[in-house]
Amino acid sequence: MGNLWITIKTILEDLGIEVVVPPRPSRQSLDVGVRHAPEFACFPLKLNIGDLVGGIQNGADTIVMAGGVGPCRFGHYAQVETQVLRDLGHQVEMVVLEPPQGRLAELLMKINYLTGGKSLRRVWRAIGFGLEKLQALDGLDRALAWARPLGTPARAERAGPGYPSSGAAGLGWAHRRAVMAIADAAGVEATRREARRGLEAIALAAGLDPLEKGLAPSGRDGPALRVGLVGEIFMIAEPFANQEIERRLGDLGVEVVRSLYISDWVRTHLLPRVLAPRRHVRLVARAARPYLGHFVGGEGLESVGEAVLYEQRGFDGVIQVAPLTCMPEIVAASLLPEVSRDLGLPVLSLFLDEHTGEAGLQTRLEAFVDLLARRRVASGRGRGTR
Amino acid sequence: LHSSAMRLAEGAVIGLPRALLFFELYPFWRAFFNGLGLVCAVSAPTSPETIEIGAREADDGTCLPVKTFYGHAASLRDRVDAIFLPRLVSLTRGTYTCPKMLGIPDMIRHNLERMPRILVTCVDATRGTGLVESSVALGRSLGRSAAHARTAARAGLEALRVFRDGLEQNLSFSQAIVEQFPREISRLCRETGNDASVGPGRRLRARVGLVGHAYNLFDPGVNLDLVRKLAKLGCDLRTSEHLSLVEVEAESSLLPKAIFWSGGRRVLAAVSLFRRQRLVDGIIHVVSFGCGPDSMVGEIAEREIRRSSSLPYLALTIDEHAAEAGLVTRLEAFTDMLERRRAGVGSA
């Protein structure tokens, strides 16, 4: 899921566990997943099974998997995967880490088993290190999404030698390079240093002088269109699953802000309650209440609540990305049209799976962006960037 | 949803959509509302038109049972004083129904126009608000005293107990309903008439375990009259709804992790019980197209069965386009196969 692997690899390696990283999700791993997963399973499960098979082929003998207590299907991924892998003849052990509201003692025992009896303080420190990287990576993603609408070729030229000539490609290059540097960073300090460097490189590639803090980028045709991305966390965070929707929108001159970064999700779902960002959770629930008065599992409530909040923050539109047949997101998708009507907020719901064609998606995005740009002109807030 | 907090006069008519967990909880709500002096109106049995309306009003991605629910709710709106749309989060501790059932009161309210007053109560046994607590809260918001509401809720529980006892004795849904509401024999029995056993004078050809959600097994309009078709083919049926809660929990404890959807937990428990005690010759799993829990539970059930036995397993996926002829052919083939296997076992 996105760059989460870097965090998990960091934590486990810091605890002295050898980590096998499966190949990046690809058409190939997806085909493997689709072949072995239940036909009507949701899309992330299919990709997940493809990844697991890839990891096993690379030599993994134990799988660490997050669990859940429902009602979203993700909570039963591990059971189905155990069965699928067993029937495929793979002898692997599955360690399922469930959130502590399950059974705390059981969770601690599993951590103890995985780490070979390392002290909890040691484990806690490793997790802190991993989360530091996650924060840094999410920061890079944020910066990239912000800079994309700026990344014109002329600006890349100004950024100096060493960068590919096309602005968008230069940005992607600066971002990728920073991600790898953070992945390899050996400590918290090094992580922070690399994060700073990465942000500077992205700013440079976008044609901004990192020293001119606070200055609005000059030469833009008014502020870029801003779109909030809501939906299911895996589809938001994994570019392969969402067909690089952020890059596509960025290329169309749109600044994309995710409702949920992986670090937010980890804090609300995997860490003890005390560390969860409760204020924001309450804010979202309150925003959603006129439309949806109860959590529905997954990110269903968040999709509705965040859409309302985006409207309040003056965003031009909201795009919902979710796996086909995703239950919580179907609930959200049933309510978003009403949100859209009430608030005058354009909302595009995209349910994606292995059959989603690239051209169809691109066309829908272009049409949506055209609509947003026209609304911008009509509202007299300057013209869109296209 | 704050529309609940207003007195409802005696004799007011409350609409109950005949869909989803209606098929598990009807006796409770019926006895409860009657106890409050209110009248229950159940929507007409599922017809092709019900499903058509539902498919038109609901989001494309929703499953057939939810579309059916939309259809039933729509059919009630002009003839009742209020529609009852409980938010059924969790019926027993540690389980959930499914995300769509959690959201359905909101989905209906925002997608169906011209709705009358909507009554909502949130049943969440995992967080300590079970059927009784939530219905007492509802009764109070309708202007009844706490004692009055509690008496009505107790009557509801009693009705539910009698109903479940009936099911556990292998009665069909309509028979179990009829046991406690005899005056409805003529109407409800015809409407949901599902006779779960081979009629007199017919030869028993196979014992079939029929597993799935109650709203798929007991709604002939959704399952194309599957139960009667199987009975006609000479199948003796045991359904997952005939298991008691105790049996469900006992069988679930044999699994590495109990399923947290109450419907799925029951299905896997039934599959496990039928298989271990050799109660059936084959299993038919009725699956809704687009049902999230079914997609996972069906996979686990099928793989379990394949690995540990040679029990034939048929997954029947039903959706709004299901055709009668295709279903009959598959059921006939399945029954023929089971019969041949029975004969084979007998002669070997």
Side-chain angles (χ1 to χ4, degrees), chain A residues 36-42 45 67-84 86-87 94 96 98 101-102 288-301 304 322-339 341-342 349 351, chain B residues 1-2 57-63 66 70 87-90 94-111 120 122 124 126 255-262 264-265 268 287-304 306-307 315 317:
Chain A
H36 300 299
E39 184 183 358
F40 294 113
C42 37
L45 178 63
V69 292
C72 157
R73 258 179 282 189
F74 176 70
H76 283 307
Y77 270 24
Q79 278 100 296
V80 171
E81 286 166 357
T82 309
Q83 303 243 359
V84 169
R86 199 200 299 172
D87 287 351
M94 184 85 90
V96 186
E98 313 252 25
Q101 63 242 50
R289 197 163 302 146
Y291 305 96
L292 180 57
H294 200 276
F295 82 95
V296 291
E299 283 77 51
L301 183 65
V304 176
L324 196 72
T325 78
C326 172
M327 302 180 281
E329 295 300 328
I330 286 173
V331 175
S334 303
L335 301 169
L336 282 173
E338 182 86 355
V339 175
R341 269 194 300 275
D342 278 3
S349 285
F351 281 81
Chain B
L1 293 170
H2 304 292
E57 301 285 352
D59 185 88
D60 293 341
T62 50
C63 51
V66 167
Y70 271 73
R87 196 192 297 281
L88 302 167
V89 179
S90 157
T95 67
Y96 281 105
T97 53
C98 92
K100 287 176 211 161
M101 286 191 211
L102 270 59
I104 208 150
D106 297 299
M107 291 158 76
I108 295 287
R109 192 167 59 107
H110 288 288
N111 286 288
V120 178
C122 186
D124 190 347
T126 299
L255 290 169
K257 176 183 176 181
I259 302 291
F260 49 61
W261 300 298
S262 36
R265 188 177 282 201
L268 282 193
V287 176
S288 303
F289 184 78
C291 173
D294 280 355
S295 73
M296 307 290 275
V297 169
E299 184 79 6
I300 294 175
E302 187 170 357
R303 286 179 187 267
E304 283 281 355
R306 290 255 170 82
R307 202 176 308 118
T317 306

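Order of the sequence lines fixes the chain letters, A, B, ..., with proteins taken first and strands second; residue numbering starts at 1 for each chain.
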Chemist: Is there a donor-acceptor pair under 3.5 Å between the side chain of B:Asn111 and the backbone N or O of A:Ser334?
Modeler: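 Side chain of B:Asn111 to backbone of A:Ser334: a pair is present.
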
Chemist: In terms of heavy-atom proximity below 4.5 Å to chain B, should A:Val84 be classed as side chain, backbone, both, or neither?
Modeler: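 It is both, since atoms from each part get that close.
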
Chemist: Which pair of non-hydrogen atoms, one from A:Pro328 and one from B:Pro99, has the smallest distance, and what is that distance?
Modeler: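 Shortest heavy-atom contact: N-CB, 3.9 Å.
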
Chemist: Given heavy-atom pairs under 4.5 angstrom as the criterion, report whether the side chain, backbone, both or neither of A:Tyr291 touches chain B.
Modeler: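 Both backbone and side chain.
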
Chemist: Counting heavy-atom pairs under 4.5 Å with chain A, which one of B:Pro293, B:Gly298, B:Gly290 comes out on top?
Modeler: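 Of the candidates given, the most pairs with chain A belong to B:Pro293.
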
Chemist: To the closest 0.5 Å, what do you measure between CD (A:Gln79) and CG (B:Leu268)?
Modeler: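 One finds 10.0 Å between CD of A:Gln79 and CG of B:Leu268.
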
Chemist: Given heavy-atom pairs under 4.5 angstrom as the criterion, report whether the side chain, backbone, both or neither of B:Cys122 touches chain A.
Modeler: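 For B:Cys122, the side chain is the part near chain A, not the backbone.
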
Chemist: Taking side chain to side chain contact (heavy atoms under 4.5 Å, CB included) as the definition, give me every residue that meets it alongside B:Phe260, ordered by chain and number, with sequence neighbours left out.
Modeler: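 Checked B:Phe260 against side chain to side chain contact (heavy atoms under 4.5 Å, CB included); matches are A:His76, B:Lys257.
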
Chemist: Report the option among A:Gly75, A:Ala333, A:Gly300, A:Gly297 that has the most heavy-atom pairs separated by less than 4.5 Å from atoms of chain B.
Modeler: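 Top count of heavy-atom pairs under 4.5 Å with chain B: A:Gly75.
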
Chemist: First locate atom OG1 of B:Thr317, then atom CZ of A:Phe40, and finally report the distance between them rounded to the nearest 0.5 Å.
Modeler: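 Answer rounded to 0.5 Å: 5.5 Å.
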
Chemist: Any chance you could lay out the side-chain contact (heavy atoms from CB on, under 4.5 Å) test for B:Leu102 and A:Val331, step after step, and finish with the verdict?
Modeler: CA-CA 9 Å; B:Leu102 270 59; A:Val331 175; over 6 Å; no

Chemist: Of all of B:Lys100, B:Arg306, B:Glu304, B:Arg307, which one pairs up most often with chain A through heavy atoms under 4.5 Å apart?
Modeler: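 Looking at each of B:Lys100, B:Arg306, B:Glu304, B:Arg307 in turn, B:Arg307 comes out on top.
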
Chemist: Excluding sequence neighbours, so at least two apart, what forms side chain to side chain contact (heavy atoms under 4.5 Å, CB included) with A:Arg341?
Modeler: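 So A:Arg341 forms a side chain to side chain contact (heavy atoms under 4.5 Å, CB included) with A:Pro337, A:Glu338.
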
Chemist: Check the pair B:Ser295 / A:Glu39 against side-chain contact (heavy atoms from CB on, under 4.5 Å), numbers first and verdict last.
Modeler: CA-CA 8 Å; B:Ser295 73; A:Glu39 184 183 358; over 6 Å; no

Chemist: Please state whether the side chain, the backbone, both or neither of A:Cys72 comes within less than 4.5 Å of a heavy atom of chain B.
Modeler: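 For A:Cys72, the backbone is the part near chain B, not the side chain.
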
Chemist: Which one wins on heavy-atom pair count under 4.5 Å against chain B: A:Thr325, A:Val96, A:Thr82, A:Leu292?
Modeler: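 Option with the greatest count: A:Leu292.
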
Chemist: Would you name the heavy atoms of B:Thr62 and A:Ile330 that are closest together and state the gap between them?
Modeler: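 Heavy-atom minimum between the residues: CG2-CG2, 3.4 Å.
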
Chemist: Can you say whether B:Val66 sits under 4.5 Å from chain A via the side chain, the backbone, both, or neither, judging by heavy atoms?
Modeler: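 Nothing of B:Val66, per the 4.5 Å heavy-atom cut-off to chain A.
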
Chemist: Answer with side chain, backbone, both or neither: which region of B:Ile259 has an atom nearer than 4.5 Å to a non-hydrogen atom of chain A?
Modeler: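 The answer is both parts of B:Ile259.
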
Chemist: With a 4.5 angstrom heavy-atom cut-off, could you sort out which part of B:Ala315 is near chain A: side chain, backbone, both or neither?
Modeler: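 Neither part; nothing is under 4.5 Å.
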
Chemist: Atom CG in B:Asp124, atom NE2 in A:His294: separation rounded to 0.5 Å?
Modeler: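 With rounding to 0.5 Å, CG (B:Asp124) is 5.5 Å from NE2 (A:His294).
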
Chemist: Does any non-hydrogen side-chain atom of B:Cys98 lie less than 4.5 Å from one of A:Pro71?
Modeler: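 They are not in side-chain contact.
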
Chemist: For chain A, which candidate among B:Met296, B:Glu299, B:Met107, B:His110 shows the most heavy-atom pairs at distances under 4.5 Å?
Modeler: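 Ranked by contacts with chain A, first place is B:His110.
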
Chemist: So what's closer than 4.5 Å to chain B heavy atoms on A:Leu45: side chain, backbone, both or neither?
Modeler: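 Looking at A:Leu45, just its side chain touches chain B.
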
